[in-house]
Amino acid sequence: MYENYQFVGKDYPRKEGKARVSGKEKYPSDLSFDHMLYGRILRSPYAHARIKSIDFTEARKMGAVCISYEDAPDQFFNVRLVSIPSATYKDWTIFSDHMRQVGDFYGAVAAETEELAEKAARAVRVEWEVLPSYLTMEDAMAASENLIHEKVYLHDKEVIIRNNIACTREVVEGDIEEGFKQADVIIEETFETPRQYHCQLETKTCVVRPEPEGGITVWPTTQAVHNTRILLGKVFTIPLNKVNVVRVPGGGHFGSGIHTNPVALITTALALKANRTVKISLSREEDMYDHVRYPSKYTLKVGARRDGTLTAGHMKAYIDIGCHHVQALAFLGVMSGFWHSLYRMESMKYEGTAVYTNKVPTCAMQGYGAPQVTFGVESMMDMLAEKLGMDPIALRIQNYVGLGEIFWGQGPTIKSKIFSDGVVELIEKGAERIKYYELKKQEKGSGRYRKGIGFARGFHTSGTGAPMPGEVKDYTTAQVKVNEDGSIDILTALMDQGGGTLDAAAKIVAEEFQVSFDKVGISPADSRSTGYDVCTHATRGVYCGAGAVHEVAKETKKILFDYASRMLDTYPGSLELIYEEDTGETRISVVGNPERTATIAEVADHAMNKDWGTAIFSKSIRKTACPPAYTNYFVEVEVDTHTGHVRILRVVAGSDAGTVINPDLARGQMHGGFYRSAGMVLLENTQHDGSTGELTNKASLLDYKMMGIDEMPDEDNFEVIFASTYEPTGPLGAKGVGEAAFNSAPPAIASAICDAIGVRFTKLPISPEDILEAIGEKKL
Amino acid sequence: MNTFTVNGTAYALDASSREQTLMHFLREELSLTGTKNGCAIGQCGSCTVLVNRKAVRSCTIPLHRIAGKHVLTIEALSQDGDLHLIQQAFIDAGALQCGFCTPGMIMSSYGLLISDPSPTREEIRLALRGNICRCTGYQQIIDAVELAALRVRELGTIL
């Protein structure tokens, strides 16, 4: 479809490339300013405790600026502002005297040097009242006193918490009792997914500078400059035009920067109190106590007829959310949505319960609910196929939600229609490339090493847009300007987390104006100079974000064509853009009259000198759909039956991203998504000690292992296939890649292990010990 | 022996700075923030620099251990705005996403190619085992080092 494009679908050196390879890119942790203070956060050593008294005498003697729950604003808020207020539970204050996890914070100090701040922090004396802690959901739900939260707010309405249940959500379609009666086969299984740590390489950091005219400038690690601005303005009662949040590249996020990290609030509190610039950069240990992926535990029951149609599904989920709400209500909603929209079911019921525990607060991580659900649903499709005697791939093709159907991946309030669907194409090509059916038939033998082949599919929504406004905000504001030399600037708060979102925006604008990629620039952005952008999450970067830039570019082009028509004495509708490859110039010419022509530079310069104006336009754009970015994985593994070690031999990844704007970068997304998902399947989890509540890995990278460079399949053994689809609602036919790259990989790996040794694991991660135990039981 | 150099400039070791880590000195005293701080315990490789042309983790080395030695950081690789061929190879192979691990990856690759300009992919993986990248899944990084090695061999020097 995109053979006709001049720039889109081609690889160019990425815009931030030079800065990043030369070490010149400044991340928040690299920033420093004159007369800057360094902050340290005061943290609880107990999983659950109250502070009886706090004594800053010694710290103050050292000259430290001290702040605690006694003198910081105490209003309730939620750190995540993606959902609308009526769907947002608020249980956070900046500081509290009620400590709800090891590492919870009750205050902070700032001093001239990091060493002095550290010394002052150690000198703070606290008298504790230790409370019983709840480190499992079962213990938490059995409790009726000493609750983790007693009172929270849903928007402005007070909510009394009972049995540590943070919130619940039920979604019903049709009648499942009737549906299960219609079923010839019913299967039920419980699935569990781990508390995976984001391990973004840059720990959470913030620098805040109070300004002489009032207000603050903020340099945070965030995916959402505008939501950070709004939250800081509200909590500290600063007019929003005096809170300027600067877009700074972050050293990875993976979802951990969708919400405003507490470090931004704490740094602001210190900076305002000191009236000095303050910087806090978390240690790795602090960062591990700061955020983690939502785990899940759910029972899934599915009914099907002999012919493979699904008559009913029932999912009952319990989510251990840790000690705070980072919009768990939204998480419960998307769990239901991703499940509902994988396969057609005649009836379904979802019951989700979010439970507070004295653990690290859980938040989004790549996939947000989809990996959790897709693991169970895809495993169950394999089990169902086996029971029905059907080919597991054929069963999926028969039932998947595809072209022309309504789906609501991002929860029941975000329903839209599917206009592009490369599912079957990707499955057929992938199966052929890896020789799926041949490998499936292969004898596993009785040797030490057993090979297995697995398949799974899934999707992510490209953003959270829909025809109707839902519980989730989704729009991007952008400005596109043509300079007097024919170069073009894009100004938007849209964030590029490294996947190439802003390169995609630049390429799309290059295509629209037929100017070379190097002539399109991305302006530095902050919240004061840009309109609202919800944030880069939900795989919305290219489809919604760059899509908004595209719509704005079209309007800017209209203005440019208006100037050109006046200059060339013709009508705007008679003009066309012609890119001259040899000169690198772009001409605006009258169709059929090539002598009536001027370059974009000449038109822009002429319009300026004639005082007509600049070709510039700015607008907020909401997408009214969120097309499914489908993915699937074929994975071949080898299991060592002596050690329980699993080696990934070969991967064929399929991505239906519509028009692929940045092929190299999109492939990189698939590689990276698979790498993190393989970590979740084979290695990654964080656990809390059952008595102290401390992380058992001591919050150290020594004991948080991820897949290494030597554990990933290399070169010809990892192939990425793109579907040849065109998304009619997307910018030049594009939709997303991002999270979809993760979602379908875990069940594919688990399915390959099952094929190799005949054991279906329902709990992740699958450790070598788990495998050896299962092999022992089966006497393989 | 009480001096060392960073990117060609000499610095004196004094009693107060002997125990401070090389990473801290580079980042805080010299503002050479291309050397990144990812974990501070020698586990992620983001702070990799060359000491006497060998790749080391600067976060675990106290300054007194580099007395008399020569330190090279990512900032010294590009001359007058021209990228070093390893840096260019990382761009050309699409080997960076968020970019935070990139300087450390490049310095480890530099250390490898100084000692062996013809590494196999397996040897590249071995040399980069101490560098964590959370974004890419590593394949394009291996491609970049392979590409850089090819260019080193074509040029006959690593510069």
Side-chain angles (χ1 to χ4, degrees), chain A residues 11 13-14 16-27 29-32 114 198-203 249-254 281 283-284 496-500 662-665 667-676 678 700-702 704 706-715 718, chain B residues 24 27-28 31-44 46 73-75 77-78 81 83-84 86-107 121-122 124-143:
Chain A
D11 291 313
R14 61 184 306 158
E16 330 83 333
K18 271 193 170 179
R20 291 187 181 175
V21 298
S22 62
K24 287 183 180 141
E25 186 85 289
K26 294 275 189 192
Y27 299 81
S29 55
D30 298 329
L31 297 175
S32 65
E114 279 183 285
H198 302 80
C199 203
Q200 77 298 345
L201 269 189
E202 184 184 33
T203 57
H253 293 292
F254 312 110
S281 199
S283 68
R284 181 57 67 184
D496 189 334
Q497 296 169 47
N662 305 316
D664 252 3
L665 302 181
R667 260 191 295 278
Q669 291 286 289
M670 295 300 286
H671 280 279
F674 182 84
Y675 148 73
R676 286 179 294 280
S700 163
L701 281 193
L702 275 168
Y704 188 80
M706 295 161 281
M707 298 293 280
I709 189 168
D710 47 349
E711 291 166 302
M712 293 293 293
D714 190 18
E715 258 192 317
F718 196 120
Chain B
H24 190 270
R27 288 177 57 81
E28 305 300 324
S31 297
L32 293 172
T33 54
T35 300
K36 304 294 178 197
N37 177 4
C39 72
I41 57 165
Q43 288 298 303
C44 76
S46 307
T73 73
I74 187 76
E75 284 86 355
L77 251 63
S78 38
L83 295 181
H84 187 274
I86 303 176
Q87 294 173 316
Q88 190 60 49
F90 268 69
I91 295 180
D92 294 344
L96 61 123
Q97 291 189 25
C98 87
F100 198 80
C101 75
T102 309
M105 285 285 180
I106 289 174
M107 295 313 284
R121 287 182 78 90
E122 203 46 46
I124 295 171
R125 288 176 183 232
L126 259 167
L128 298 181
R129 251 167 64 171
N131 291 72
I132 295 176
C133 170
R134 191 56 161 161
C135 295
T136 61
Y138 296 107
Q139 183 160 320
Q140 283 156 310
I141 291 174
I142 304 170
D143 294 344

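Numbered from 1 within each chain, the chains take letters A, B, ... in sequence-line order. Nothing here was measured: the structure is a model prediction, and the numbers come from that model. Below, each value reflects all heavy atoms present in this structure, side chains not excepted, and no hydrogens, waters or symmetry copies.
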Does any heavy atom of chain B fall under 4.5 Å from the side chain of [X], the backbone, both, or neither of them?
X: A:M707; result: backbone
X: A:P13; result: both
X: A:K18; result: both
X: A:F718; result: both
X: A:S32; result: neither

Do you know the tightest heavy-atom contact between [X] and [Y]?
X: A:E711; Y: B:R125; value: N-NH1, 4.2 Å
X: B:G38; Y: A:T203; value: O-CG2, 4.3 Å
X: A:Y675; Y: B:C133; value: OH-O, 3.2 Å
X: A:D710; Y: B:R129; value: OD2-CD, 3.0 Å
X: A:M712; Y: B:Y138; value: CG-CD1, 4.4 Å
X: B:C101; Y: A:L201; value: CB-CD1, 3.5 Å

(message) Among B:R121, B:M105, B:Q88, B:H84, which residue has the highest count of heavy-atom pairs closer than 4.5 Å to chain A?
(response)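 Ranked by heavy-atom pairs under 4.5 Å with chain A, first place is B:R121.
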(request) Look at B:T102, B:L32, B:L96, B:L77 and state which one has the largest set of heavy-atom pairs under 4.5 Å with chain A. (result)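 Heavy-atom pairs under 4.5 Å are most numerous for B:L96.
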(message) Taking atom NZ as the centre, does A:K24 end up with more than 12 heavy-atom neighbours from other residues, nucleotides or ligands that are less than 6.0 angstrom away?
(response)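 No - once you tally the heavy atoms of other residues, nucleotides and ligands closer than 6.0 Å, there are 12 at most.
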As an exercise, state the distance from [atom1] of [X] to [atom2] of [Y], rounded to the nearest 0.5 Å.
X: A:H671; Y: B:Q140; atom1: NE2; atom2: CD; value: 5.5 Å
X: B:K36; Y: A:E25; atom1: NZ; atom2: CD; value: 7.5 Å
X: A:S29; Y: B:N37; atom1: OG; atom2: CG; value: 7.0 Å
X: A:R284; Y: B:I41; atom1: CZ; atom2: CD1; value: 9.0 Å
X: A:E16; Y: B:I91; atom1: CD; atom2: CD1; value: 10.0 Å
X: B:E28; Y: A:E114; atom1: CD; atom2: CD; value: 5.5 Å

(request) Could you check A:Q497, A:R14, A:Q669, A:R20 and say which one makes a side-chain hydrogen bond (donor to acceptor under 3.5 Å, both in side chains) with B:Q97? (result)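 The single option meeting the side-chain hydrogen bond (donor to acceptor under 3.5 Å, both in side chains) with B:Q97 is A:Q669.
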(message) Quick check against the 3.5 Å criterion: does B:R134 have a side-chain atom that pairs as donor or acceptor with the backbone of A:H198?
(response) yes
Is chain A contacted by the side chain of [X], its backbone, both, or neither, given a heavy-atom distance below 4.5 Å?
X: B:S78; value: side chain
X: B:L83; value: side chain
X: B:I142; value: side chain

(request) Would you mind telling me which of A:R667, A:Q200, A:R676 has the largest number of heavy-atom pairs within less than 4.5 Å of chain B? (result)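 It is A:R676.
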